[in-house]
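Notes follow the structure.
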Amino acid sequence: MEYAYTTDDGALVLSNLAGAAEYLKEALLVNPYDLDGMAAALDRALRMPKEERRERLVQLKQRIAALDIQGWAERFIASLER
């Protein structure tokens with residue numbers, strides 16, 4: 001999450017086994033045990049158009065910003081009210 005939130009340009013390649021993968025859907029998710037899949041994801045990240053990289057990062061940053069303690073508390077209380 002730190003990478004996505006602090007960079008202005010780049011593509012996040014993330015293990016689908018990482019806990020953050022559940023939240024960071026705009027990242028390029030890969031199975032780290034699948035070498036061909038990993039190579040394909042890295043190739044895609046390197047060839048990704050600048051505009052797509054930036055749009056993905058904007059979406060990632062918005063998602064991460066919503067994961068603050070206040071947002072968590074609101075979601076928790078809403079789940080109790082159901």
Side-chain angles (χ1 to χ4, degrees):
M1 290 188 188
E2 291 83 1
Y3 170 80
Y5 202 73
T6 59
T7 189
D8 291 326
D9 191 21
L12 178 60
V13 178
L14 181 65
S15 166
N16 62 0
L17 304 176
E22 177 182 347
Y23 301 104
L24 305 181
K25 302 296 185 188
E26 292 80 9
L28 299 176
L29 300 178
V30 298
N31 180 335
Y33 299 106
D34 175 7
L35 296 181
D36 291 335
M38 179 72 79
L42 291 172
D43 183 62
R44 181 172 179 206
L46 291 169
R47 296 176 189 270
M48 187 179 291
K50 190 174 196 169
E51 189 56 41
E52 182 180 352
R53 286 193 317 264
R54 291 215 170 142
E55 180 58 32
R56 285 174 175 264
L57 284 171
V58 165
Q59 292 173 4
L60 284 168
K61 288 178 183 188
Q62 290 172 349
R63 188 177 312 278
I64 293 166
L67 294 175
D68 66 353
I69 190 67
Q70 182 175 349
W72 176 87
E74 290 169 0
R75 288 188 300 277
F76 180 75
I77 291 170
S79 73
L80 295 176
E81 294 173 345
R82 288 186 211 152

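When reading the values below, keep in mind they use all heavy atoms of this one structure, side chains included, and skip hydrogens, waters and symmetry mates. None of these values were measured; they are calculated from a predicted model.
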Identify the two heavy atoms, one from Gly37 and one from Val30, that lie closest to each other, and give their separation to 0.1 Å.
O-CG1, 4.1 Å
When rounded to the nearest 0.5 angstrom, what distance separates CG in Leu67 from CZ in Arg75?
5.5 Å
Stepwise side-chain contact (heavy atoms from CB on, under 4.5 Å) check, Lys25 with Gln59
CA-CA 9 Å; Lys25 302 296 185 188; Gln59 292 173 4; over 6 Å; no
Using a strict 4.0 Å threshold on nitrogen-to-oxygen distance, state whether Asp8 and Arg53 make a salt bridge.
no
Among Leu24, Leu57, Leu28, whose side chain to side chain contact (heavy atoms under 4.5 Å, CB included) with Leu12 holds?
Leu24
Can you see which heavy atom on Asn16 is nearest to which on Pro32, and at what distance?
OD1-CD, 4.0 Å
Presence of salt bridge, Arg44 and Glu52, under 4.0 angstrom:
yes
Counting only heavy atoms from other residues, nucleotides and ligands, does the tally under 6.0 Å from CG of Asp36 exceed 12?
no
Can Leu29 be reached from Met38 by stepping across I, L, V, M, F, W or Y side chains whose heavy atoms are under 4.5 Å apart?
no
Main-chain N/O of Tyr23 paired with Arg63 side-chain donor or acceptor, under 3.5 Å
yes
Taking all non-hydrogen atoms of both residues, which atom of Ala21 and which atom of Ser15 are closest, and how far apart?
CB-O, 3.5 Å
Starting at CG of Leu60, measure out to CD of Glu55 and round the result to the nearest 0.5 Å.
10.0 Å
For the OG1 atom of Thr7 and the NZ atom of Lys61, what is their distance to the nearest 0.5 Å?
6.5 Å
